[in-house]
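Reading through the structure tokens given below for one structure.
Sequence lines set the chain letters: A, B, ... in the order given, protein chains first and strands last, and positions in each chain run from 1. Just so it is clear, the model here is predicted, and its values are computed rather than measured. Any value given below was found using the heavy atoms of this structure, including those in side chains, with hydrogens, waters and symmetry copies removed.
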Protein chains: 2
Amino acid sequence: MNTVFKALNDKTRRDILELLKDGDKTAGDIADHFQFSKPTISHHLDLLRQAELLTSEKKGQYIYYSLNTTVVDELLKWVLQFTPSFNQNPAYENK
Amino acid sequence: MNTVFKALNDKTRRDILELLKDGDKTAGDIADHFQFSKPTISHHLDLLRQAELLTSEKKGQYIYYSLNTTVVDELLKWVLQFTPSFNQNPAYENK
DNA sequence: TAAGTATTTAGATATTTGTCTAAATATTTA
DNA sequence: TAAATATTTAGACAAATATCTAAATACTTA
């Protein structure tokens with residue numbers, strides 16, 4: 001969870017995740033949406049990948065980035081523990 | 001959302017939130033669960049309060065801290081936008 | 001009112017972070 | 001194979017962060 005929260009603690013990185021909801025994009029396509037240099041965006045992509053919020057795949061000259069929703073599910077569970085309904089619903093029984 | 005993610009980007013602060021699931025606690029009670037100095041914990045509590053993840057109430061000599069689940073709901077919505085089911089379910093219709 | 005307890009504020013410092021430019025790597029195309 | 005394109009790596013630097021100790025504030029109790 002540490003790397004996940006670290007990755008999410010930046011507006012640009014959160015915006016990148018939202019961009020990728022619409023479908024996979026290359027590093028360059030992603031960079032074009034922001035005013036930062038390409039190395040800066042590359043660094044953000046790296047942190048998102050470290051947190052496994054993204055996956056990347058090289059196709060020829062390009063690298064395509066995609067959302068990885070597996071970690072999102074873990075995050076969702078983490079957040080749900082704080083919702084009032086969580087402890088009332090036996091489906092979420094906590095050890 | 002910025003202050004929320006900032007507040008969550010620290011293990012100690014996330015642990016404080018989990019502590020408070022069991023019920024309200026004073027600043028001192030909270031501090032006793034950690035190895036850090038009281039000023040350090042006080043600072044963490046401040047950041048959590050800035051993010052409105054906690055509320056505080058003074059009672060005599062003590063200050064009681066409580067979870068504030070309102071902001072948790074906003075966070076939950078933010079996370080849900082990335083779950084596959086989100087866009088399929090008309091209940092979560094997005095502007 | 002003086003001493004004790006609870007908590008925060010202030011100020012210092014080492015570490016982490018976000019950004020940049022320049023250079024390196026890998027692929028495609030002329 | 002040389003030039004162009006896509007992306008990352010390396011290294012530098014300013015700003016933000018987490019921590020500490022010392023001091024201040026506020027309340028309670030002897």
Side-chain angles (χ1 to χ4, degrees), chain A residues 1-20 22-68 71 75 78, chain B residues 1-20 22-68 71 75 78:
Chain A
M1 278 290 101
N2 242 308
T3 54
V4 175
F5 284 110
K6 178 173 166 174
L8 295 177
N9 186 28
D10 183 276
K11 179 75 163 74
T12 303
R13 291 195 289 268
R14 294 195 302 272
D15 287 347
I16 289 173
L17 292 180
E18 299 204 26
L19 251 185
L20 290 175
D22 295 342
D24 303 353
K25 291 197 167 39
T26 68
D29 285 345
I30 295 167
D32 289 344
H33 280 82
F34 300 95
Q35 305 238 297
F36 300 114
S37 71
K38 284 178 184 194
T40 292
I41 297 299
S42 181
H43 176 61
H44 285 314
L45 290 170
D46 188 42
L47 291 176
L48 287 165
R49 203 159 35 71
Q50 279 178 40
E52 297 180 77
L53 285 161
L54 298 185
T55 57
S56 63
E57 192 184 356
K58 185 154 192 171
K59 283 189 186 163
Q61 205 171 3
Y62 301 92
I63 298 179
Y64 283 84
Y65 282 90
S66 324
L67 272 182
N68 175 17
V71 175
L75 176 61
W78 187 89
Chain B
M1 278 290 103
N2 242 309
T3 53
V4 174
F5 284 110
K6 177 174 166 174
L8 295 177
N9 186 29
D10 183 277
K11 179 75 163 75
T12 303
R13 289 195 291 267
R14 294 195 301 272
D15 288 346
I16 289 173
L17 293 180
E18 299 203 26
L19 252 184
L20 291 175
D22 296 342
D24 302 353
K25 290 197 167 40
T26 68
D29 286 345
I30 295 167
D32 288 345
H33 279 83
F34 301 94
Q35 305 238 298
F36 300 114
S37 71
K38 284 179 186 195
T40 293
I41 298 300
S42 181
H43 176 60
H44 285 314
L45 291 170
D46 188 41
L47 290 176
L48 287 164
R49 206 160 31 72
Q50 278 177 41
E52 296 179 79
L53 285 161
L54 298 185
T55 57
S56 65
E57 192 184 356
K58 185 155 194 169
K59 283 188 187 163
Q61 206 171 2
Y62 300 93
I63 298 179
Y64 283 85
Y65 282 90
S66 325
L67 273 181
N68 176 17
V71 174
L75 176 60
W78 187 89

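For the pair B:R49 CZ and C:dT7 C1', the computed distance is 11 Å after rounding to whole Å. Distance CG (B:L47) to C1' (D:dA16): 11 Å, rounded to an integer number of Å. For the pair A:D29 CG and D:dT5 C1', the interatomic distance rounds to 13 Å; values are reported in whole Å. Between A:I16 atom CD1 and C:dT19 atom C1' there is a gap of 14 Å when expressed in whole angstrom units. One can place CD of A:Q50 at 13 Å from C1' of C:dT16, the figure rounded to the nearest angstrom. Atom pair A:K6:NZ and D:dA18:C1' shows a separation of 14 Å (rounding to whole Å applied). Rounded to whole angstrom, the span from the CZ atom of A:F36 across to the P atom of C:dC20 amounts to 6 Å.
A:R14 places a side-chain N or O within 3.5 Å of a backbone atom of A:L8 that can act as its donor or acceptor partner. Side-chain N or O atoms of B:N68 include one that pairs as donor or acceptor with a backbone N or O of B:E52 at under 3.5 Å. At least one donor-acceptor pair closer than 3.5 Å links the side chain of A:R13 to the backbone N or O of A:K6.
Not one side-chain nitrogen or oxygen of B:Y65 sits closer than 4.0 Å to the OP1 or OP2 atom of C:dA6. A close approach under 4.0 Å does occur between a side-chain nitrogen or oxygen of A:S42 and OP1 or OP2 of D:dT8. For B:H43 and C:dT7, the shortest distance from a side-chain N or O to OP1 or OP2 is not below 4.0 Å. Listed pair B:S37 / D:dT19 fails the phosphate criterion, with no side-chain N or O lying under 4.0 Å from OP1 or OP2. Residue A:T40 places at least one side-chain N or O closer than 4.0 Å to OP1 or OP2 of C:dC20. Using a 4.0 Å cut-off, no side-chain N or O of B:Y62 falls inside it from OP1 or OP2 of C:dT8. The phosphate of C:dA6 has neither OP1 nor OP2 within less than 4.0 Å of any side-chain N or O from B:T26.
No N or O donor and acceptor, one from the side chain of B:Q61 and one from the base of D:dT28, sit under 3.5 Å apart.
Here the nucleotide nearest the side chain of B:K58, chosen from D:dT9, D:dA26, C:dG18, is D:dA26. With D:dT28, D:dT7, D:dA6 as the choices, the nucleotide that has an atom nearest any side-chain atom of A:I63 turns out to be D:dT7. In the set D:dT9, C:dT19, D:dA22, D:dA22 carries the atom at the smallest distance from any side-chain atom of B:P39.
B:Y65 approaches B:L20 most closely through the heavy-atom pair O-CD2, 3.6 Å.
Comparing A:Q35 and B:D46, the nucleotide of DNA chain C nearest to each residue sits closer to the 5' end for B:D46.
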